[in-house]
Amino acid sequence: MGEIQLALLNAAHEATDTRRNFRRELDAELTEFHCPSGEFPDDFRYDGFVVTGSRASVYWDREWIGRLKSWTGDAIRAGLPALGVCYGHQLLADVMGGRVKAMGEYEIGYRTVEQDGENRLLEGIDETMTVFTTHSDHVCEKPPGATVFAKNRYGIHGFRKDRVFAVQFHPEYDMKTAESVTAGKSDQLSEQRIDAVLEGIHAGNYDAACEAKRLFDNFLAYVEEVRAKRLAADCGPNEESR
């Protein structure tokens, strides 16, 4: 059937690290669109799509954010499997009727997240996960009909609704990205807080967080199943994706 075709909706204003990280982790044919520059797919010919992180907030009044919400909503209705990460997690929640708001604080650094062990996106990953986080907004109300499968004291860290999966944490980060993102928060966090987070960015924590990278392969396996069922449906009775 050929390689999986994904639209990578890069919402990062400085796209280079985000592009590198997702291209490293996703073993698929990626067509990238830099959304803040006004780049968007013309159609829904892909097997699925991924929405990345961003320093933006989903509730900002920006033309590109409105276009991103419109395209992702149409893509979801068209049946494309989706994966949202951090900002992407929040945007997909918003598009499907959930609610996103500012936290009034910052979650940043390697943190522990609990997952229920029942969602296929995190199959094979420990129920207590080490993950890298950096966000000051969160999904405070899940979309109607969605299942929350991961959380910590800061709130929802993973949900699924139909063919849409989303996680608040950053499984794609390498140590270089974690360090540069943390150092770049000097306008929002104290020097002491930044130093404390930087001290936690070391090989031990990174190695532990690498377990969560398995979700990328799990997502691709799901996309492959949906694609196979869609092709089979073209030759026979319709079969819904489980």
Side-chain angles (χ1 to χ4, degrees), residues 2-37 39-56 58 64-65 67-96 98 119-123 125 131-135 139 143 146 149-150 157-174 177 212-227 241:
E3 194 171 15
I4 291 172
Q5 306 287 317
L6 295 181
L8 179 65
L9 300 170
N10 190 340
H13 289 78
E14 297 176 2
T16 303
D17 285 353
T18 299
R19 176 186 304 117
R20 182 190 73 245
N21 289 334
F22 279 95
R23 287 192 178 278
R24 181 185 62 245
E25 302 300 339
L26 285 165
D27 186 15
E29 182 68 31
L30 300 181
T31 303
E32 182 189 357
F33 300 90
H34 186 232
C35 301
S37 297
E39 298 176 2
F40 293 91
D42 293 324
D43 51 36
F44 309 111
R45 61 184 174 83
Y46 305 94
D47 298 313
F49 68 94
V50 177
V51 185
T52 76
S54 176
R55 69 169 183 259
V58 301
W64 72 268
I65 295 175
R67 290 183 64 189
L68 180 56
K69 289 181 180 181
S70 178
W71 189 90
T72 56
D74 289 343
I76 290 168
R77 286 186 285 275
L80 269 64
L83 174 65
V85 174
C86 196
Y87 174 83
H89 158 91
Q90 297 165 13
L91 184 123
L92 293 175
D94 178 90
V95 166
M96 294 189 293
N119 190 275
R120 65 176 300 162
L121 186 71
L122 301 184
E123 186 175 352
I125 300 171
V131 296
F132 194 86
T133 67
T134 171
H135 63 113
V139 176
F149 59 78
H157 265 273
F159 73 85
R160 176 186 183 179
K161 182 176 182 182
D162 301 323
R163 292 177 175 176
V164 174
F165 301 84
V167 293
Q168 179 62 68
F169 54 89
H170 282 279
E172 82 282 10
Y173 272 16
D174 53 20
T177 304
K213 293 180 182 292
R214 186 174 298 184
L215 71 82
F216 291 111
D217 288 340
N218 291 344
F219 176 67
L220 292 177
Y222 177 77
V223 172
E224 181 65 39
E225 286 182 20
V226 172
R227 180 171 70 165
S241 171

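Side chains included, hydrogens not; waters and symmetry mates left out as well; all remaining heavy atoms used.
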### Message
Tell me the closest heavy-atom pair linking L26 and F216, and the distance in Å.
### Response
CD2-CD2, 3.7 Å
### Query
Among pairs that include at least one residue of residues 74-88, which meet salt bridge (charged side-chain N to carboxylate O under 4.0 Å, His left out), considering only residues two or more places apart or in two chains?
D74-R77
### Task
Quick one: closest heavy-atom pair of I65 and V58, and the distance?
CG2-O, 3.7 Å
### Query
For S37, which residues count as a side-chain hydrogen bond (donor to acceptor under 3.5 Å, both in side chains) partner, sequence neighbours excluded?
H34
### Shortest non-hydrogen contact from A12 toward T52
N-OG1, 3.8 Å
### Summary
With sequence neighbours left out, the residues meeting side-chain contact (heavy atoms from CB on, under 4.5 Å) with C86 are H135, Q168, H170
### Rounded distance [0.5 Å steps], CG in L80 versus CZ in R163
8.5 Å
### Separation of R214 CZ from E123 CD (nearest 0.5 Å)
9.0 Å
### side-chain contact (heavy atoms from CB on, under 4.5 Å) against R24, all qualifying residues, sequence neighbours excluded
R20, N21, D174, K213
## Note on the structure
Residues at least two apart in sequence or cross-chain that pass side-chain contact (heavy atoms from CB on, under 4.5 Å) with D42, listed by chain then number, are none
### Query
Does the side chain of P171 come within less than 4.5 Å of V85's, by heavy atoms?
yes
### Message
Exactly one of L121, V164, V51 should register a side chain to side chain contact (heavy atoms under 4.5 Å, CB included) with L83. Which one does?
### Response
L121
### Query
Which pair of heavy atoms, one from L220 and one from A28, lies closest together, and at what distance?
CD2-CB, 4.0 Å
### Task
With rounding to the nearest 0.5 Å, note down the distance linking CE in M96 to CG in L91.
9.5 Å
### Query
For D47, which residues count as a side-chain hydrogen bond (donor to acceptor under 3.5 Å, both in side chains) partner, sequence neighbours excluded?
R227, R230
### Task
Please examine the side chains of N218 and F165, heavy atoms only from C-beta on, and report whether any two atoms are closer than 4.5 Å.
no
### Full working for side chain to side chain contact (heavy atoms under 4.5 Å, CB included) between K161 and I76
CA-CA 10 Å; K161 182 176 182 182; I76 290 168; over 6 Å; no
### Task
Look only at the side chain of Q5 and the backbone of E3, and say whether a donor-acceptor pair between them is shorter than 3.5 Å.
yes
#### Entry: Under the ring pair (Phe, Tyr, Trp, His ring centres under 6.0 Å) test, residues paired with Y87 that sit two or more places apart
none
### Task
Show your working on side chain to side chain contact (heavy atoms under 4.5 Å, CB included) between T18 and L8 and close with a plain yes or no.
CA-CA 10 Å; T18 299; L8 179 65; over 6 Å; no
#### Entry: Cation-pi, Y222 ring and R160 (6.0 angstrom, 45 degrees)
yes
### Query
Are there more than 12 heavy atoms of other residues, nucleotides or ligands under 6.0 Å from atom CD of E14?
no
### Summary
Taken in chain and number order and not counting sequence neighbours, the residues that satisfy ring pair (Phe, Tyr, Trp, His ring centres under 6.0 Å) with F169 are none
### Query
Which residues pass the ring pair (Phe, Tyr, Trp, His ring centres under 6.0 Å) test with W71, sequence neighbours left out?
F44, F49
### Task
Please report the closest heavy-atom contact between H13 and P36, naming both atoms and the distance.
CD2-CB, 4.2 Å
### Message
Just by distance, no angles: are the side chains of E32 and N10 close enough, under 3.5 Å, to form a donor-acceptor pair?
### Response
yes
### Straight-line distance of R67 CZ to E39 CD, nearest 0.5 Å
10.0 Å
### Task
Check ring pair (Phe, Tyr, Trp, His ring centres under 6.0 Å) between F219 and all other residues, then give those that pass, not counting sequence neighbours.
none
### Query
Which pairs, with at least one residue in residues 81-94 and sequence neighbours excluded, count as a salt bridge (charged side-chain N to carboxylate O under 4.0 Å, His left out)?
K69-D94
### Summary
Between A146 and F159 the two heavy atoms that sit nearest each other are CB-CD1, 4.1 Å
### Message
With a 4.5 Å cut-off on side-chain heavy atoms, are Y173 and T134 touching?
### Response
yes
### Message
Once rounded to the nearest 0.5 Å, what's the spacing between atom CZ of F40 and atom CG of L9?
### Response
7.5 Å
